[in-house]
Structures are given as C-alpha cells and as structure tokens.
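Have a look at the structure below, then the notes.
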Amino acid sequence: GAVVSQHPSRVICKSGTSVKIECRSLDFQATTMFWYRQFPKQSLMLMATSNEGSKATYEQGVEKDKFLINHASLTLSTLTVTSAHPEDSSFYICSAATQGEVTEAFFGQGTRLTVV
Amino acid sequence: GEDVEQSLFLSVREGDSSVINCTYTDSSSTYLYWYKQEPGAGLQLLTYIFSNMDMKQDQRLTVLLNKKDKHLSLRIADTQTGDSAIYFCADSDGSSYKLIFGSGTRLLVRP
C-alpha cells in the first residue's frame with residue numbers, strides 16, 4: 001500500500017513552546033489529509049481535515065489557533081501545536097487519502113508528544 | 001451524530017478463530033473499514049467492504065456486513081500471536097473522506 005511518513009515519532013517539549021509535526025505522502029498525491037489525536041486506550045478523535053491549498057476544516061471543540069494546520073502541497077501537511085501545555089500531551093496521527101472510488105486512507109506512524 | 005461502537009477486549013487461544021464485532025449508526029455509510037494498530041504505531045488498513053456487499057474474504061480475514069442491523073464483523077482465522085493488537089472499525093459516508101472510528105478492540109492471543 002501507499003506510504004505516509006510522519007515526523008518526528010517522539011517529541012518532548014517545554015510548556016509554552018510550539019511543536020511542528022510533519023506528514024508526508026511518499027508515493028502518491030494526497031488531496032486530503034487528516035489529523036487525529038488519540039488518548040491512551042481510546043479511539044482516534046478527528047481534529048481537522050485539510051485540503052491542499054485551502055484552509056483546514058476543524059472539528060467541533062478543536063481550537064484552530066492552537067492547532068495550526070498547513071497543507072502546502074499535495075504531499076505535505078503540517079500540524080503545529082502552539083503554546084503547548086501538558087494537557088496537549090497525546091499521540092497524534094495523520095492520514096492521507098487517495099482520491100478515487102474508495103476512500104483509502106493511509107496512516108502515518110504517529111507522533112508521541114509529551115509536554116513537560 | 002455518527003457513532004461506531006466496538007467491544008473493548010477479546011482474548012483467544014493461538015490457532016482459534018477471532019471474531020471482532022462493530023456496530024454503526026450512519027445509514028449513509030458507503031465503505032466500512034478494519035484497521036490494526038500495534039503498540040505505539042499508526043494504523044494499518046487491513047481490509048474494507050463496500051456497503052452493498054455482505055461478505056468479503058481476504059486470506060485469513062473474513063468481513064461480514066449486516067446492513068439492516070448496521071453490524072460489521074471481522075473474523076481472523078487461525079489467529080497467531082502476531083495478531084495481538086488493537087483493531088478499529090471505521091465507516092465513511094463516501095462524500096467527505098472522513099472516517100469515524102470505533103473505540104477499538106484489544107485482541108490478546110494466548111500461546
């Protein structure tokens with residue numbers, strides 16, 4: 001299947017700093033990318049949907065000024081957690097969808113963010 | 001809103017079959033998916049089924065869909081210890097590419 005690379009896999013940052021997470025589709029063009037957050041032993045919560053060249057669509061309850069999403073090209077989307085706080089510590093996963101009859105979404109490896 | 005539900009835990013013996021169940025509420029679901037997540041990793045797409053099908057088989061995996069009851073199941077034949085993971089079902093309405101995930105079922109395979 002298609003490959004989605006997410007970087008970094010782990011990051012520890014201090015409270016108040018910002019962290020950028022990258023999501024790249026390596027062998028296909030992704031018109032749509034998704035960012036999810038996963039709490040321990042829980043399901044994935046969709047945070048936002050981003051389409052290349054346009055503003056991201058955020059799910060209810062997700063602060064767009066805190067979680068900045070940029071989808072500058074068909075192969076790259078970034079999530080920046082601004083002014084991070086310990087409660088932002090979580091596992092963040094991106095996915096990239098191929099355009100076609102079937103919604104095939106391929107997931108990155110995830111980023112474990114710890115804010116200290 | 002849309003909701004997808006799964007049982008939280010399943011334990012089976014190596015070599016037995018595993019059946020993981022999922023129910024969903026969205027009647028406009030067009031595709032339903034099964035993903036596998038190993039510890040600390042992203043999600044791996046295992047298989048998917050189109051809503052006008054009632055069964056799909058892919059090697060050791062069998063997906064059954066009862067659209068009337070909005071019930072989806074994943075059967076893993078000859079379960080191996082390497083199958084131990086969390087399994088998520090998800091649906092999409094086909095119009096938005098958004099996936100709605102269940103809470104995940106943790107499968108433990110005992111030797």
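In the text below, chain A, chain B and the rest are named by the order of the sequence lines, each starting its count at 1.
One hydrophobic cluster, built from ILVMFWY side chains closer than 4.5 Å, holds both B/Met53 and B/Leu45. Under the 4.5 Å side-chain heavy-atom criterion for Ile, Leu, Val, Met, Phe, Trp and Tyr, B/Val12 and B/Ile76 are members of the same hydrophobic cluster. Both B/Leu46 and B/Leu65 belong to a common hydrophobic cluster when Ile, Leu, Val, Met, Phe, Trp and Tyr are linked at side-chain heavy-atom distances under 4.5 angstrom.
A side-chain contact (heavy atoms from CB on, under 4.5 Å) with A/Leu44 holds for exactly one of B/Ile100, B/Leu99, B/Leu43; it is B/Leu43.
When heavy atoms are compared at a cutoff of 4.5 Å, B/Gln37 approaches chain A solely by way of its side chain, counted from C-beta outward. Residue A/Glu59 touches chain B through its side chain alone, counting heavy-atom pairs closer than 4.5 Å. Only the side chain of B/Phe88 comes within less than 4.5 Å of a heavy atom in chain A; its backbone stays farther off. Heavy-atom distances place the side chain of A/Gln38, and not its backbone, under 4.5 Å from chain B.
Within a 6.0 Å radius of NE2 in A/His7, no more than 12 heavy atoms belonging to other residues, nucleotides or ligands are found. Heavy-atom contacts from other residues, nucleotides or ligands closer than 6.0 Å to CD of B/Gln59 number 12 or fewer.
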